[in-house]
Novice: 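The structure follows.
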Protein chains: 2
Amino acid sequence: MLSKKTKYALHALTYLGKHRDEKTVLIHDIAEEHGISQKFLENILLELKKAGILGSKKGKGGGYYLIKEPKDIPLSKVIRLLDGPIALLPCVSLNYYEPCAECKDEVTCGINKVMIQVRDETLKILENKTLEDILKT
Amino acid sequence: MLSKKTKYALHALTYLGKHRDEKTVLIHDIAEEHGISQKFLENILLELKKAGILGSKKGKGGGYYLIKEPKDIPLSKVIRLLDGPIALLPCVSLNYYEPCAECKDEVTCGINKVMIQVRDETLKILENKTLEDILKT
DNA sequence: ATAAAGTCTATAAAAATGATAGGCTTTATA
DNA sequence: TATAAAGCCTATCATTTTTATAGACTTTAT
């Protein structure tokens, strides 16, 4: 399951996507619309900004806006950013690799092999679904 | 990522699958082989038993054994049992459904729609990969 | 100058996960 | 039939992760 962080991020991105005609959108408005903590959302939007997905304007009249096309924001990117690895095991993670303690030899481990396949197929799904898909339904 | 519970379960199932010629296998031996806590493993194997995946024999000379064919033990079953939902959001879970608080209307929610698709495609993967796939590599 | 809005860091609270403990029941066998 | 081996069951504790809050700081329009 996705963490609330990621879920909130998706709601925020959706909201921003629906308000692309406006220059900027207030954190406050997004938080209110979905009944979530504004302070918590602040951190999330900041991360999205640092990842190059959002832009922002400080000061009075400021706010956030999408900096990328919705079609260029795949679920995989959002999930990795806020939740971490998409792979089911650290030993098959492309971006967050770590060996598994209980596995004596990765090379001969059947679990490892199968999980690599699962990872690749899962990735195909999450890279192909984008914010655009969410917006157009 | 999978919890350690699920990871350990997969290792235990693999071990049991590799020792199908023996009548029973000791929890102790599985725990030792992978360097994991025996007591923790006990609980996990019990769950697998209650789910009809493993059988056991009590008392001296007892132990655990596979009660199903490896090809009939899909990853989806093991994951659901020990980790819970496969869906990324509660509002699209087949087995653990719950509405999402921050979503005003599920019917018009684009996130919901996309996540249903992700769930279905993910499920296809996890239902098709079985213990047999792990054993045969 | 002031108020509005994002930025940043730290900390606290809550929940989930991982691990341990100990007694109970069952069963083979000496 | 006593004993030791092995799984069964429940409770509790410890750790880690997640979620949420707080408050001071910076930037900017008016």
Side-chain angles (χ1 to χ4, degrees), chain A residues 1-9 11-12 16 22-32 34-51 53-67 79 81-85 88-90 96 98 100-102, chain B residues 1-9 11-12 16 22-32 34-51 53-67 79 81-85 88-90 96 98 100-102:
Chain A
M1 300 269 273
L2 298 179
S3 67
K4 290 199 175 179
K5 244 182 173 173
T6 301
K7 212 193 333 183
Y8 293 167
H11 280 291
L16 286 161
E22 296 160 41
K23 278 214 173 52
T24 63
V25 169
L26 298 183
I27 298 178
H28 173 266
D29 290 350
I30 303 174
E32 195 173 55
H34 293 102
I36 62 192
S37 151
Q38 169 166 347
K39 272 294 187 184
F40 195 40
L41 236 201
E42 280 183 12
N43 295 309
I44 296 167
L45 295 189
L46 245 193
E47 283 197 69
L48 290 168
K49 182 194 169 179
K50 286 177 181 165
I53 295 172
L54 299 183
S56 69
K57 193 166 175 300
K58 278 183 161 187
K60 198 170 178 184
Y64 277 100
Y65 49 91
L66 277 183
I67 215 174
I79 294 175
L81 189 64
L82 297 156
D83 263 7
L88 293 181
L89 295 178
Y96 302 82
E98 258 182 75
C100 286
E102 64 286 343
Chain B
M1 299 268 274
L2 298 178
S3 67
K4 290 200 176 180
K5 246 182 174 173
T6 301
K7 209 190 342 181
Y8 293 166
H11 279 291
L16 286 162
E22 296 160 39
K23 278 213 176 49
T24 63
V25 169
L26 298 182
I27 298 177
H28 173 265
D29 291 350
I30 303 174
E32 197 173 53
H34 293 103
I36 62 191
S37 152
Q38 170 167 345
K39 273 294 188 185
F40 195 38
L41 235 200
E42 279 184 14
N43 296 309
I44 295 167
L45 295 189
L46 245 192
E47 284 198 69
L48 290 169
K49 183 193 169 179
K50 286 176 182 164
I53 295 172
L54 299 183
S56 69
K57 193 166 175 297
K58 279 181 160 189
K60 197 171 179 185
Y64 277 99
Y65 50 91
L66 276 184
I67 215 175
I79 293 175
L81 189 64
L82 297 155
D83 263 6
L88 293 181
L89 295 179
Y96 302 82
E98 258 181 75
C100 286
E102 64 286 343

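Given the structure is predicted, the values throughout are model-derived calculations rather than measurements. Values below: all heavy atoms of this structure, side chains included; hydrogens, waters and symmetry mates excluded.
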Novice: Would you sort out whether A:L45 and A:I30 count as a side chain to side chain contact (heavy atoms under 4.5 Å, CB included), showing the intermediate values?
Specialist: CA-CA 11 Å; A:L45 295 189; A:I30 303 174; 4.2 Å; yes
Novice: What integer distance in Å separates A:I67:CD1 from C:dG6:P?
Specialist: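 Taking CD1 of A:I67 and P of C:dG6, I get 15 Å after rounding.
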Novice: Which value, rounded to the nearest 0.5 Å, describes the distance between A:L54 atom CG and A:Y65 atom OH?
Specialist: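 Here the rounded value is 9.5 Å.
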Novice: For A:L26 and D:dA29, what is the distance between atoms CG and P respectively, to the nearest whole Å?
Specialist: 14 Å
Novice: Mind telling me whether B:Y8 and B:F40 have parallel, tilted or perpendicular rings, with 30° and 60° as the class edges?
Specialist: perpendicular
Novice: Please find the pair of heavy atoms, one from B:A31 and one from B:S37, that lie closest to each other, and give the distance.
Specialist: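 Where B:A31 meets B:S37 most closely, the heavy atoms are CB-C, 4.4 Å.
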Novice: Between C:dG6 atom P and A:I44 atom CD1, what is the distance in whole Å?
Specialist: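 After rounding, the gap between these two atoms is 14 Å.
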Novice: Ignoring hydrogens and angles, tell me if any N or O in the side chain of B:S3 forms a donor-acceptor pair with the backbone of B:D83 under 3.5 Å.
Specialist: no
Novice: Mind checking what makes salt bridge (charged side-chain N to carboxylate O under 4.0 Å, His left out) contact with B:K23, not counting sequence neighbours?
Specialist: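 Checked B:K23 against salt bridge (charged side-chain N to carboxylate O under 4.0 Å, His left out); zero matches.
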Novice: In whole angstrom, what separates B:K60's NZ from D:dG7's P?
Specialist: 14 Å
Novice: If you take all heavy atoms of B:K5 and B:L82, which pair is closest and at what distance?
Specialist: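 Shortest heavy-atom separation between B:K5 and B:L82 comes out as O-CD1, 4.0 Å.
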Novice: Using atom CE of B:M1 as one end and atom P of D:dT18 as the other, report the distance to the nearest whole Å.
Specialist: 11 Å
Novice: Taking the nucleotide of DNA chain C with the nearest heavy atom to each, does B:S37 or A:V25 sit closer to the 5' end?
Specialist: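 The residue whose closest nucleotide sits nearer the 5' end is A:V25.
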Novice: Taking atom P of D:dG23 as reference, at what distance in whole Å does atom CD of A:Q38 sit?
Specialist: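 About 15 Å, once rounded to whole Å.
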Novice: What is the distance from NE2 of A:H11 to P of D:dT19, rounded to the nearest Å?
Specialist: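 About 13 Å, once rounded to whole Å.
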Novice: Below 3.5 Å is the cut-off: list the nitrogen or oxygen pairs between protein and nucleotides 7-9 of chain C, distance only.
Specialist:
unit_1, atom_1, unit_2, atom_2, d
C:dT7, OP1, A:K49, NZ, 2.7
C:dT7, OP1, A:S56, OG, 2.8
C:dT7, OP2, A:Y64, OH, 2.0

Novice: For residues A:K7 and B:L89, determine if any side-chain heavy atom of one lies less than 4.5 Å from a side-chain heavy atom of the other.
Specialist: yes
Novice: Summarise how protein sits on nucleotides 12-18 of chain C as a single string, 5' to 3': B when a protein heavy atom is under 4.0 Å from the base, S for sugar-phosphate-only contact, - for no contact.
Specialist: ------S
Novice: Quick one: do A:E47 and A:K50 make a salt bridge, cutoff under 4.0 Å?
Specialist: no
Novice: Specify the separation, in whole Å, of atom NZ of A:K23 and atom P of C:dA5.
Specialist: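 Rounding to the nearest Å, NZ of A:K23 and P of C:dA5 are 16 Å apart.
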